[in-house]
S.K.: 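Let me begin by handing over the structure; questions about it come next.
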Amino acid sequence: MDTQLITDNSTAIIENNGSTTEATLVLQRVNPNGTKTILNYPKSENIDIDNEVMLPSKINELIAVETTSKPTETSLFVPKPFIEANTSEISLHTLKSDCVIPVFSKDNERTIAHQEFIEIAQDCVAKVFPHHIFDEPEVRVSHQIKGRTPDAINKQAKDLLDHERTQYFERMAFIIRIPSIVDTINGNEIALCIGGVRSYNLENLYNKKTIEKFKFFIGFQVKVCCNLAVSSDGFVEEMRVSSYQELQSKILEVLYNFNAEKQLAQMKQLSEHSLTEHQFAQLLGRTRLYQHLPKKDKLNIPVLNFNDGQLNTIAKDYYEDASFSRNDIGDINLWNVYNLFTQANKSSYIDTFLDRNVNAFDFSNGLLKTLNGSSNYHWFLS
C-alpha cells in the first residue's frame with residue numbers, strides 16, 4: 001500500500017490506535033483523499049510507554065506510517081461559553097479599537113493590554129503547532145471601567161456621544177481551540193486548547209510600573225459542553241513578566257513542556273471508576289460540611305475551592321445534566337463527576353475560574369486514588 005503524503009490542506013486528528021493491544025495516543029492526519037497518515041509512532045512492544053511523552057515536538061513530527069483506517073469527520077464545537085458568571089463576550093477587534101489601555105499612574109507607563117496578551121499567545125501556539133489549524137480566540141470580559149474624553153467633562157452621562165465615552169475591562173479570559181488535535185474520553189470528544197486570564201485588579205496601577213501578572217494554561221475542552229479540563233502541569237497560576245519578550249518566552253516554555261498524553265491518561269482513568277449513589281450523596285454532604293470546618297481540621301484535608309451555590313448546581317446536574325448525569329441505577333463515573341464540577345465552575349468570576357478548574361481536576365483524581373485505597377481524600381467519602 002502507498003504511504004500518503006501530508007499536504008497543507010490536510011486536517012489532523014488524534015485518535016486511539018486500532019490495534020488489539022492497549023491503546024495509546026496516536027496523532028493522525030486526514031488527507032483529502034480520505035486516507036490517514038500517522039504523525040507520531042504508535043505504541044509498540046519496543047517502546048516504554050511510561051517514558052513516552054506526547055510533547056508538542058512529538059505531536060508535530062511528520063512521520064509517515066502506512067495505515068488503512070477509514071476517515072473520521074470532526075464536527076464543530078457547540079457554541080456555549082467556556083465561562084458564564086458576570087462575563088460578556090467581546091471580539092478581539094473591539095478590544096483593539098474600542099478600549100483604552102490602563103497605565104501605571106505614577107509614571108504613566110502602560111500595561112500589557114488584553115489584546116496584546118492574546119496576540120502573543122496566538123503567535124506562540126502557531127510556533128509550537130505549525131502544522132495545525134486554530135479557531136479564532138473566544139474572549140470574555142467583566143468589570144467594565146467607564147470614562148469620558150476631556151471635551152465631555154461638563155456633559156450629563158445620558159448626553160454623551162459614542163466617541164466621548166471610554167472604557168476598558170478589568171478582567172479578561174480567553175481560549176484558543178486547536179480543533180485539529182482531538183481525542184475521545186467516555187464518548188465525549190475533546191480538543192486541545194490554550195488560554196489565559198488577565199486581571200488588572202491584581203496589579204497596583206496606582207504605583208510605578210512593575211512586574212505584571214498573568215494566568216496561562218494549556219489543556220483540553222470538552223466538545224459537548226465546552227467545559228475546560230486543565231491540570232496543574234499545564235497551568236501557571238502567576239506568570240510574572242516585565243516585557244512582551246518575557247511573556248512570550250514563558251508561554252513558549254509552558255507549551256513546549258506540556259505532556260498531553262499524561263493528562264489524557266489521567267482523564268481516561270476517571271471514566272473507568274464509578275461512585276454509587278450512596279457514595280455520591282456522601283461526597284456532596286461532606287463537601288458542604290467542608291465549608292464550615294474549623295481551620296485546624298481543614299489542615300489535614302485536601303483543599304476544595306467550590307462554594308455552596310456551585311455544589312447545589314452539581315447536585316441538580318447529577319439528576320438532570322444531559323451528558324454527565326447518573327446512570328439508570330444511580331452510579332456515576334468519575335469522568336462525569338469531574339465534568340459536573342467543571343460545569344459548575346462556569347459560575348466563577350474570571351480571576352478564580354482557572355484556579356477552581358485545576359482544583360476540580362486534582363479533586364477528581366484524589367477521589368480516584370481514594371477508591372484505590374491510597375489517598376488522603378478519604379474524608380470526603382467516609
S.K.: Do Thr87 side-chain atoms and Ser142 backbone N/O form a donor-acceptor pair below 3.5 Å?
M.R.: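 No, Thr87 side chain to Ser142 backbone: no donor-acceptor pair under 3.5 Å.
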
S.K.: Looking at Phe214, Tyr244, Tyr200, which hits ring pair (Phe, Tyr, Trp, His ring centres under 6.0 Å) with Phe117?
M.R.: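 Result: among Phe214, Tyr244, Tyr200, Phe214 is the only option passing the ring pair (Phe, Tyr, Trp, His ring centres under 6.0 Å) with Phe117.
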
S.K.: Between the main-chain N or O of Asp351 and the side-chain N or O of Arg171, is there a donor-acceptor pair closer than 3.5 Å?
M.R.: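 No; judged by distance alone, with no hydrogens or angles, the pair does not exist.
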
S.K.: Just checking Leu161: does its CG atom have more than 12 heavy atoms from other residues, nucleotides or ligands closer to it than 6.0 angstrom?
M.R.: yes

S.K.: Is Arg140 reaching over with its side chain to a backbone N or O of Ile83, donor-acceptor style, under 3.5 angstrom?
M.R.: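 Looks like yes, one N/O pair under 3.5 Å.
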
S.K.: Are the ring centres of Tyr349 and His143 closer than 6.0 Å?
M.R.: yes

S.K.: Is a side-chain donor or acceptor of His114 paired with a backbone partner of Phe169 at a separation under 3.5 angstrom?
M.R.: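 Side chain of His114 to backbone of Phe169, a donor-acceptor pair under 3.5 Å: yes, one is there.
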
S.K.: Under 3.5 Å, is there a donor-acceptor pair between the side chain of Glu246 and the main chain of Ser242?
M.R.: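 It does hold such a pair.
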
S.K.: If you measure only the distance, is there a donor-acceptor pair under 3.5 Å linking the side chains of Asn372 and Ser374?
M.R.: no

S.K.: Should Phe306 and Leu275 be regarded as members of a common hydrophobic cluster, given that ILVMFWY residues are connected when their side-chain heavy atoms come within less than 4.5 Å of each other, either directly or indirectly?
M.R.: yes

S.K.: Is the shortest heavy-atom distance from the side chain of Val141 to the side chain of Ser88 under 4.5 Å?
M.R.: yes

S.K.: Check whether Asn357 reaches the backbone of Leu228 with its side chain - one donor and one acceptor, N or O, closer than 3.5 Å.
M.R.: yes

S.K.: When you measure from the side chain of Arg286 to the backbone N and O of Trp379, does any donor-acceptor pair fall under 3.5 Å?
M.R.: yes

S.K.: Taking all atoms of both residues into account, what is the closest heavy-atom pair of Leu304 and Gln291, and its distance?
M.R.: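 Minimum heavy-atom separation between Leu304 and Gln291: CD2-NE2, 4.5 Å.
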
S.K.: Quick check: do Val139 and Met172 have side-chain heavy atoms less than 4.5 Å from each other?
M.R.: yes

S.K.: Do Asn227 and Thr342 pair up side chain to side chain, a donor and an acceptor below 3.5 Å, judged on atom types alone?
M.R.: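 Checked: Asn227/Thr342 side chains pair up, N/O donor to acceptor below 3.5 Å.
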
S.K.: Does Glu203 come within less than 4.0 Å of Lys213, counting only side-chain N to carboxylate O?
M.R.: yes

S.K.: Salt bridge (charged side-chain N to carboxylate O under 4.0 Å, His left out): which pairs involve residues 295-319, sequence neighbours left out?
M.R.: Lys316-Glu320

S.K.: Identify every side-chain donor-acceptor pair in residues 359-368 under 3.5 Å, counting partners at least two apart or on other chains, and give the distances.
M.R.:
{"unit_1": "Asn359", "atom_1": "OD1", "unit_2": "Asn305", "atom_2": "N", "d": "2.8"}
{"unit_1": "Asn359", "atom_1": "ND2", "unit_2": "Val303", "atom_2": "O", "d": "3.0"}
{"unit_1": "Ser364", "atom_1": "OG", "unit_2": "Ala360", "atom_2": "O", "d": "2.9"}
{"unit_1": "Asn365", "atom_1": "ND2", "unit_2": "Phe361", "atom_2": "O", "d": "2.9"}

S.K.: Is there a side-chain contact between Asn339 and Cys225 in this structure, where contact means two heavy atoms from C-beta onward sitting under 4.5 Å apart?
M.R.: yes

S.K.: What residue pairs, at least two apart or across chains, pass salt bridge (charged side-chain N to carboxylate O under 4.0 Å, His left out) with a residue in residues 96-107?
M.R.: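 Found Lys96-Glu119.
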
S.K.: Between Thr111 and Pro102, is there a donor-acceptor pair closer than 3.5 Å when you use the side chain of the first and the backbone of the second?
M.R.: yes

S.K.: Where the side chain of Gln263 meets the backbone of Ala229, is there a donor-acceptor pair that is under 3.5 Å apart?
M.R.: yes

S.K.: Rounded at 0.5 Å granularity, tell me how far CZ in Phe129 sits from CZ in Phe134.
M.R.: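 Nearest 0.5 Å value for the CZ-CZ distance: 7.5 Å.
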
